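Here the structure comes first, spelled out in structure tokens, and everything after it is commentary.
The sequence lines fix the lettering, A, B, ..., with proteins before strands; numbering per chain opens at 1. Since this is a predicted model, take the numbers as computed values, not measurements.
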There are 2 protein chains.
Amino acid sequence: MLTERQRLILTAIVDDYISSAEPVGSRSISKRGDVGYSPATIRNEMADLEELGFLEQPHTSAGRIPSHKGYRYYVDHLVRLDDLSKEEVHRLKSMFAEKITAMEQVVQHTASTLAQLTNYTSIALGPGMFDTTLRHFQLLPLTEDTAVAIIVTNTGHVENKTVAIPPGISTSELDKVVNLLNTKLTGVPLIKLRSQLYKEIGDEMNKYVSHAQEMILLVETVLSGDEAHREVYLSGTTNMLNQPEFKDVDRIKTIWELLEETPALIKVIGSPGGEGQGTGIQVRIGQENTHAAISNCSLITATYSVHGQNLGTIGLLGPTRMEYAKVINLMQQVSQQLAVFMERYHK
Amino acid sequence: MLTERQRLILTAIVDDYISSAEPVGSRSISKRGDVGYSPATIRNEMADLEELGFLEQPHTSAGRIPSHKGYRYYVDHLVRLDDLSKEEVHRLKSMFAEKITAMEQVVQHTASTLAQLTNYTSIALGPGMFDTTLRHFQLLPLTEDTAVAIIVTNTGHVENKTVAIPPGISTSELDKVVNLLNTKLTGVPLIKLRSQLYKEIGDEMNKYVSHAQEMILLVETVLSGDEAHREVYLSGTTNMLNQPEFKDVDRIKTIWELLEETPALIKVIGSPGGEGQGTGIQVRIGQENTHAAISNCSLITATYSVHGQNLGTIGLLGPTRMEYAKVINLMQQVSQQLAVFMERYHK
DNA sequence: GTTAGCACTCGACAACGATGAGTGCTAACG
DNA sequence: CGTTAGCACTCATCGTTGTCGAGTGCTAAC
């Protein structure tokens, strides 16, 4: 599709623009060592590349900048994953070397390290509840009419909620209910908890406990909210402000509002998009993103999973002019390490 | 100190500047109904007020803006707390009317409502651990070598951590330890947990359990981190971007970095500052704030407490040009409501 | 096929002047 | 004597103009 020379020049332009953030002219490309042609020749090729849709001109007599199509081609065919620095490798590995590591903490920590290494904003979507099962349920009275309910999943995730106790229920009755729930519901996938609750438990509870209706309602309030509730960790949000493309307050505002709105964010990071190089790494460039607020951003995501079951996602958000080589490489490393960790953890 | 007319004019200027964000001239003050003097007279008074340090002039032939001293005087002596709108009162009250309410959720919810009502950024410092005591301790094995440890306090706060189990310890031994801890440590203030752990438990544990040393270390890792660890909730961070004084990206960046850094933020919001009107409400104007990043912001904080014991703080951060009347009023309401709630909750 | 040369385009930037809001001062008024 | 009208002066803002230079597209020569 493209000649070797065109690919060379396109690579040079994208690389240049990524590091300078300014339209790149034929002269500056020619001056670089790696393209041995005169500015005039390069100009001709640039004109062709523009006609093909790989480059854009902000205005006549400015240099060229890569278009979406240009970035996409660059990511799919041109980008060369150069080696990570020793420090980067070290920091990534050391993260997984720590002994005491809860799944969520690892994800969170990974995201934060990524943000520091790249100077972009990282978004981590915590492990979902898909294949997690109930490990333990507990109800601890606090005052006469309130109690704190605790749910622990087999992944070590702890969810808690303060609830009101219907009046007229004794402590022993509460204990009975909790015992019943634990024996009957332990091992049940969280998403099936509610249906199971009605199917199996309702009858038995009526036998043992008065106020059965209230109790079921109580348990329901505890379980509700868990399904849609997934933790989102942000890190390095201020990094965005260093990028010249975000010197405009309005643009920041729209992006920030997106970042603050968890449900929308989950949708953005979770929806499928263009494939990048390597396994499980997705690269979404500019308008490929579903949300308008980040239509001039690129989002690179890696999913982590156990036994082929997708658990969550880690993403890096930056301007379309992103250091793809470095970021893709980092994400691949992270993805691998996470896979190993999860496998070991889930055993 | 100031004549009645000077106070009137100062009030008018501050009010005007708060709503317009632009230097206010003598003419515009004269035009308002509430000050019945000609621009010339007002100019004379303004000159005097400037000399006294209450006003500043950005440059010659611009209007005046209030200085720190001006704001301070305004807050201390001039501001008139006009009534809150029905909607505001309603939203505040309804927040505390919900039946199922954990302490932390209430604080969080309050902060978020405040941010919405005021269009400023709210910062809530969750309940500290000062007078909270251990309610329950639990250790749930997840895999062969990991377990999730759960601590519940008498306030309903739940803290959890995944820990590694030293190899060679049986489940029954774990149970023994947990039981021992619960019987011995329940009711002990969290801050004293560690010392108590050594004093009372060490000996007994040696009797019952082998691997006592490892177990103590394990329990210690769970308890560590809790003391300094206080939740900070932010809400309405993007509101800041609406203010004209923050159209500059650099300024946003420094503030945002402060907001992201929890320890610094705790220090800022926790340190004592100038008193405002009413009980427990503090108003820190501009440089009165300890942190340079918010030296042109005002921070209004209200503390909530039980039995005179200070538990936490809720603050509103905005430009020095803040709607003090509204915000102080809101904060007073919130402070009162919170006090009532806490009293009822802590009973 | 590649390159040098040249006219042309267009944003960035500085200089300039007009505009208008606001002041400070002085003199007049009740 | 306090208050006000009038007036000259200041200074930021904004639109205009002109220069500068980076970069292009085209043509002709190598």
Side-chain angles (χ1 to χ4, degrees), chain A residues 2-10 12-17 19-67 70 244-245 247-248 321, chain B residues 2-10 12-17 19-67 70 244-245 247-248 321:
Chain A
L2 292 184
T3 69
E4 197 52 44
R5 193 167 73 184
Q6 283 174 325
R7 294 159 61 101
L8 185 65
I9 290 175
L10 180 55
I13 291 174
V14 175
D15 282 339
D16 216 69
Y17 184 66
S19 61
S20 75
E22 303 216 326
V24 7
S26 54
R27 209 176 119 86
S28 57
I29 293 295
S30 176
K31 270 191 181 170
R32 297 169 42 131
D34 50 354
V35 181
Y37 298 98
S38 78
T41 309
I42 294 174
R43 276 205 290 281
N44 286 329
E45 295 287 21
M46 281 163 104
D48 289 350
L49 284 170
E50 184 173 359
E51 205 161 330
L52 289 168
F54 292 100
L55 296 180
E56 284 173 355
Q57 224 173 354
H59 56 266
T60 337
S61 86
R64 305 299 211 289
I65 61 173
S67 67
E245 28 266 282
K247 68 180 198 299
D248 177 29
R321 179 188 64 78
Chain B
L2 292 185
T3 69
E4 197 51 44
R5 192 167 73 185
Q6 283 175 325
R7 293 159 61 100
L8 185 64
I9 290 175
L10 180 55
I13 292 174
V14 175
D15 282 339
D16 216 69
Y17 184 66
S19 61
S20 75
E22 304 218 323
V24 7
S26 54
R27 209 176 118 87
S28 58
I29 293 295
S30 176
K31 270 191 182 169
R32 298 168 41 130
D34 51 353
V35 181
Y37 298 99
S38 77
T41 309
I42 294 174
R43 278 205 289 282
N44 286 328
E45 294 288 21
M46 281 164 103
D48 289 350
L49 284 170
E50 184 172 359
E51 205 162 330
L52 288 168
F54 292 99
L55 296 179
E56 284 172 355
Q57 224 173 353
H59 58 264
T60 336
S61 87
R64 306 298 211 290
I65 61 173
S67 66
E245 29 265 283
K247 67 180 199 299
D248 177 28
R321 180 188 64 78

Would B:L49 and B:R64 satisfy side-chain contact (heavy atoms from CB on, under 4.5 Å), going step by step from the backbone distance to the final call? CA-CA 10 Å; B:L49 284 170; B:R64 306 298 211 290; over 6 Å; no
A:E22 CD to C:dA12 P, in whole Å, measures 10 Å
Atom CD of B:E50 and atom C1' of C:dG22 are separated, to the nearest Å, by 13 Å
Those stems involving DNA chain D that have three or more consecutive Watson-Crick or G-U pairs, both distances under 3.5 Å, are C:1-30 with D:1-30
Heavy atoms of A:Q57 and A:G63 approach each other most closely as CG-O, 3.7 Å
Its 5'-most and 3'-most nucleotides having an atom under 4.0 Å from a non-hydrogen atom of chain B, DNA chain D is contacted over D:dT3 to D:dA12
To the nearest angstrom, the NZ-P distance between A:K31 and C:dT3 comes to 17 Å
From CZ of B:R43 across to C1' of C:dG22 the rounded distance in Å is 8 Å
Given side chains that start at C-beta, do those of B:T41 and B:R5 come closer than 4.5 Å, heavy atoms only? yes
Contacts of B:A40 and B:G63 projected onto DNA chain C by closest heavy atom; the upstream (5') one is B:G63
From the list B:S26, B:S30, B:S38, side-chain hydrogen bond (donor to acceptor under 3.5 Å, both in side chains) with B:R43 holds only for B:S26
Which of B:L10, B:V14, B:I65 passes side-chain contact (heavy atoms from CB on, under 4.5 Å) with B:L55? It is B:L10
Between B:G36 and A:T60, whichever has its closest DNA chain D nucleotide further toward 5' is B:G36
### Check: A:F54 and A:I13 side chains under 4.5 Å, non-hydrogen atoms
no
Review point. Can you tell if the side chain of A:I42 reaches within under 4.5 Å of the side chain of A:E45, non-hydrogen atoms only?
Key: no
Of B:S61 and B:N44, the one whose closest nucleotide on DNA chain C sits nearer the 5' end is B:S61
So CG of A:L8 and CG of A:L2: to nearest 0.5 Å the spacing works out to 12.0 Å
Atom CD of A:E45 and atom P of C:dG1 are separated, to the nearest Å, by 11 Å
Walking DNA chain D from its 5' end, the first of A:R27 and B:H59 to be reached, judged by nearest nucleotide, is B:H59
Task: Side chain proximity check, B:P244 to B:R321, heavy atoms < 4.5 angstrom - done: yes
